[in-house]
Amino acid sequence: MSSIIKIPFGPQHPALKEPENFMFKVDGEYVVDVTPRIGYAHRGIEKALEDRTYIQDLYLIERICGICSHAHTTCYTQAVEEALKVDVPPRAKYIRTIVTELERIHNHYFWLGIVAHEIGFETLFMYTWRDREIVMDLLELLSGNRVQYAMNMIGGVRRDITPEISSKIMKGVKVLGERMKYYKKICSDDKTILARSVNVGILKTKDAISLCAVGPTLRASNVKRDVRADDPYAAYDEIPFHVVTYDGCDVASRIATRCDEVIESVEIIRYALEHLPTGSIEVIVSRVVPPAEIISRVEAPRGENLHYLRSNGTDKPSRYKVRSPTLANLTALCKMLIGGYIADIPIVIAGIDPCFCCMDRLTFVDINNDETWGWEGEKLRRYGIKWYKKQ
Amino acid sequence: MNSLSKDYQDIIERLKKEIGSENLIGYEIPRPRRIWFSVRKEKLVDAITHLVGKGFVHLSTITGLEDENGLEVIYHLNRKGLEASLKVEVPVKQPVLPTITPIIPGAILYEREVHELLGVVFSGHPNLSLLILPEDWPKGVYPLRKKWTHKEIKKKLSRRT
Amino acid sequence: MSMEKELIRHLLKKPVTLRYPFEKLPPVKGLRGKHVWDSERCVGCGLCARDCPSSAIEMIGKGLTAELKIYLGRCLFCGQCEEGCPRDAIRLTQLYELAESDRKNLILEFKREST
Amino acid sequence: MGLIKWARTKSPWLLHFNSGGCAGCDIEVVAALNPKFDIERFGMLLKGSPRHSDILVLTGPITFQIKNRLKRIYNQMPEPKFVIAIGSCAISGGVYRGCYNVHEGADKVVPVDVYVPGCPPKPEAIIDGIIKVLKNYEKATP
Amino acid sequence: MVQEAIISLLQIVIFPGFLFLILAAFFYEWVDRKFVARLQNRYGPLHTGPRGLLQPFADFLKLLSKEDIIPYAADKLLFSAVPIFLLSLPLTALFCIPIINSTALISFEGDLILVIFITTIIVISVFIGAWSSTNRFSTVGGMRACLQMLGYEIPMTIAMAGPAIVAKTLSISKIVQWQTTGLWFILTQPLGFIIVTICFLAELQKIPFDIPKAETEVVAGWLTEFSGKKLALLRLAEDLELVLAGSIMASLYLGGPAGFSFMPPFVWFIIKLTVCILILSNLRALFARFRIDQLMRGVWKYLTPLALLQIILVELIPW
Ligand code: SF4
Ligand code: SF4
Ligand code: SF4
Ligand code: SF4
Ligand code: SF4
Ligand code: SF4
Ligand code: SF4
Ligand code: SF4
């Protein structure tokens, strides 16, 4: 009995998500402790960044994650620009902002689809993903690629927004905002969705702060923290917007937060397009970066992104550190799971929006007799079922 | 702007008083919303306790790095928009730091990450097992140390299988 | 139940589906696809190969006789080569259907016409 | 024989496997399912079990941790089976070429039938790739 | 004599027997997929045959021609027997349904019980199949199927008793005949119809009751290890079950092949069957998947009491 069997958890496109690995300690029906194990997708990016030039790094940074690639490059280019002491033209800043917000819309739609798929709501998945195509098309129109936009350059952005593109974006985001309002209604009306989300995966405000959660996860626990407002970058200091918070601290609040954020993003994009400054979109910069130490922060769709750069006067960074939001939320995720019921693990994990529901393997340790055994997601689910029946 | 810099000075003075000025090796305010401290590692826990008490409750991450001068660990603390970064130098020979997880529970994963990629040991940390690297990762290979280049690591890895 | 109305509405609508490959949308203007190279313009400075983030460009020779080999299997279609070329000799076209069953066919070999 | 070949080309079921990429390719593969592209038109279905699948859709670089799992999944698929490598990562390691945890190309681990370059390729390009697999099969067998 | 024998043989083999039923199974899989696709604003199968009509057939042929892997640890005999068994069960049950006229190929007092019994056996076979393949996903899927069955079987049986009580017979053909003279039971027992519909969704393991094979949770559930020919047969069996479900609904509640005489009874039957299947498909697109505990709770809290209520109403009100 004391053998650890590792079992694939949850998802069975053994691949759609990246595998992560959690060690659960359970006592009866409750999760007592969770130890995460990540890195199936560990590719050694931080090391590789040190071996490549700043220009090459830009594209590598972009590929840390395919979903919020623009947030990562914005963070990166800001760091390098600060080290170079160059000022980016205002028009470039606005364009960066617009792309960031489009990306946020894309991410939240994507996430809603995944959640729908997770609870077996095939039709909602199809609808959200269909509407997501609108924003994908806008991004393609703007940048030339649907996913890896390559919009950011060190010193500005690569492509300009022509009036014709601008009007198309206006039209597109209007539809997206409307549709999101509809989905929000569905999510707060539909009984099946509510049953799976209300009071599930509680993260109290106090814990959210002490465990350093970020992004919508944090804001759904009623903490008003958003890098865009607190440490404005790009054009955010000139654009009025609300920081969305909810105080439910559960999965339902996380859904609501993200829905509202999309609606907010639509307003930001509208404002930015209407107030787009004129002028150039990039400045020429040197390839060599003087020695400096820079911290750059960006609010990615999933939360605060922090990059740390140390340059040493060559054309390659001496150290580049990336802290992506999923990692920051992992500790908080463990907290949500601890004390929760085993049956609720999957939806809670999906709730923090890891790039897909990454986790793939679970191992349990019973604290009472120190017995270790493995549980597959299904067994786990069955367990949850049994447990719920007792209720 | 002026009141802002006064605020920053205030934070620095208080920290100085708290840990003793000889233990605060240096500080810098490169631009609004950024402060850098450099403290002796003996006073690390005190300094962080003090800053957390002053509202820097959010730990963004812990960066570990190696350059010509040896190992360095940086704690990125945050109060609203204000980012305070605390640097400590760690001797390469005996890379040990006290853990800060009792003060900031959110540091658990970051300390593990630094431990794994650079070999810095955090004494008192509840669990320093592998987080990112595979189970059968060779001992003593810390990918972010300069002497381990991609080629070297790959060689070592392929020998393993 | 709250979606029934929406379902009925869609039943009466034409599907949004783009019937690829039987109907194709014209690619957007800035789409980043397969490369073309203009031997007349290239001066063989090597900037493109140097900055390529995944070493997809190989320079054969130097200077005005240099020729290019591009490994599409490595290329990220990031457009850095196009962006960095001081002579606008390398460009990305809108060709995106590049699937090949032989990896060799993914190597673009650009030759200079012997003059 | 002709009938069976017809059936095989009309009913390709896919198994999607991410071996450690940036998720860019994955979202494009899944995007091919959505109503805009709707690959069910060709009878393609995304299946969870390797036992039910005909085409293995690979995305992402092959990290050292994932290699054996990939081999196992490939072996579980019943013949005839095809592998299609999506994106430069799966073809050659892409941006991650040379990183310490990454293999240089999926074809070092399993045989690949069609390569779809791009980073990530458009859903159209992915569909195009799958159709090429089927066309090749149609041509190759008498 | 000989002529009659030939006719009944033809009836069994071709129409409305094996061949017809299998073709119907393929056809209704297509209807189901296409309809759901349209609800989701897409085409569904399109390029296989006219409007994708041949898609299920292509799937079937392809699976037949594929390598057939029997998992190393599986119980070979059971594992191979289950698909055949599962295929023959719904076929047998379908013979009890009157299709071309108001008498079925097999008709005797109590065939309703037989059909209900067969639906139970199907689930048990599913469990045996799951268990014999020893894969953990399969096992869980099989367990879930059984658990689910425990829930819906009871309200379904109770609800189906409604028409039987009124028609005072346990033969489906007789129930159909009763309806040609009286009212359709959907009008007098709408509640029963709804309950049976919901229970059939569960029987067919379709959303929102696809818990036994929820893709995101247990891969393909009890089907996970089956490949090649066996999978082909199993899928066909599923399609037949769909036809069976639709036919039972049409027979018990919509009067089976009865209808105005400007069209032959057979056409009436097809129309009603199609309507029933479309109802099932629509529900499939409408819901999110329940968690199995929610399903069980729902069954005991709502479905069973409602089914009982229906019976009481039937007893109280003499139609
Ligand atoms: S994200 Fe959902 S659908 Fe995708 S693999 Fe994970 S569980 Fe499956
Ligand atoms: S950023 Fe994270 S995933 Fe990427 S190489 Fe570094 S540790 Fe690994
Ligand atoms: S977790 Fe989010 S922010 Fe981080 S890399 Fe992935 S998509 Fe980008
Ligand atoms: S954050 Fe999660 S989902 Fe994103 S790349 Fe890392 S492991 Fe994958
Ligand atoms: S950068 Fe342009 S000019 Fe220079 S070698 Fe490349 S293609 Fe030729
Ligand atoms: S084009 Fe520019 S970089 Fe190239 S050789 Fe001439 S001066 Fe040098
Ligand atoms: S597009 Fe990018 S990856 Fe491709 S050859 Fe040009 S620079 Fe290299
Ligand atoms: S090919 Fe590009 S988009 Fe695809 S996984 Fe690799 S880096 Fe990501």
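Every chain is numbered from 1, with letters handed out A, B, ... down the list of sequences.
The line from OG of S318(A) to CG of L65(B) is 6.5 Å long, rounded to the nearest 0.5 Å. Here CZ of R319(A) is found 8.5 Å from CD1 of I74(B). Values are rounded to the nearest 0.5 Å. Rounding to the nearest 0.5 Å gives a distance of 9.5 Å between CZ of R31(B) and CD1 of I295(A). The CG atom of N78(B) lies 7.5 Å from the CG atom of D231(A); values are rounded to the nearest 0.5 Å.
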Check the pair E113(B), R323(A) against salt bridge (charged side-chain N to carboxylate O under 4.0 Å, His left out), reporting the backbone distance first and the verdict last.
CA-CA 11 Å; E113(B) 191 191 352; R323(A) 203 295 319 279; over 6 Å; no
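Listed here is the closest heavy atom pair of S210(A) and P105(B): O-CD, 3.5 Å. Looking at every heavy atom in both residues, Y308(A) comes nearest to H76(B) through CD1-CE1, 3.8 Å.
More than 12 non-hydrogen atoms from other residues, nucleotides or ligands lie less than 6.0 angstrom from CD of E22(B).
V227(A) does not touch chain B: none of its heavy atoms, backbone or side chain, sits under 4.5 Å away. Both the backbone and the side chain of I209(A) come within less than 4.5 Å of a heavy atom of chain B. Only the side chain of E50(A) comes within contact range of chain B, with heavy atoms under 4.5 Å apart. Only the backbone of A213(A) comes within contact range of chain B, judged by heavy atoms closer than 4.5 Å.
Taking 4.0 Å as the cut-off between side-chain N and carboxylate O, R34(B) and E82(A) do not count as a salt-bridged pair.
When side chains are defined from C-beta on, R33(B) does not count as touching R297(A), because their heavy atoms never get closer than 4.5 Å. Considering only heavy atoms from C-beta on, R310(A) comes within 4.5 Å of E72(B) through its side chain.
Contacts of residues 49-64 of chain B with chain A at a heavy-atom distance below 4.5 Å involve V57(B), H58(B), L59(B), S60(B), T61(B), I62(B), T63(B), G64(B), listed in sequence order.
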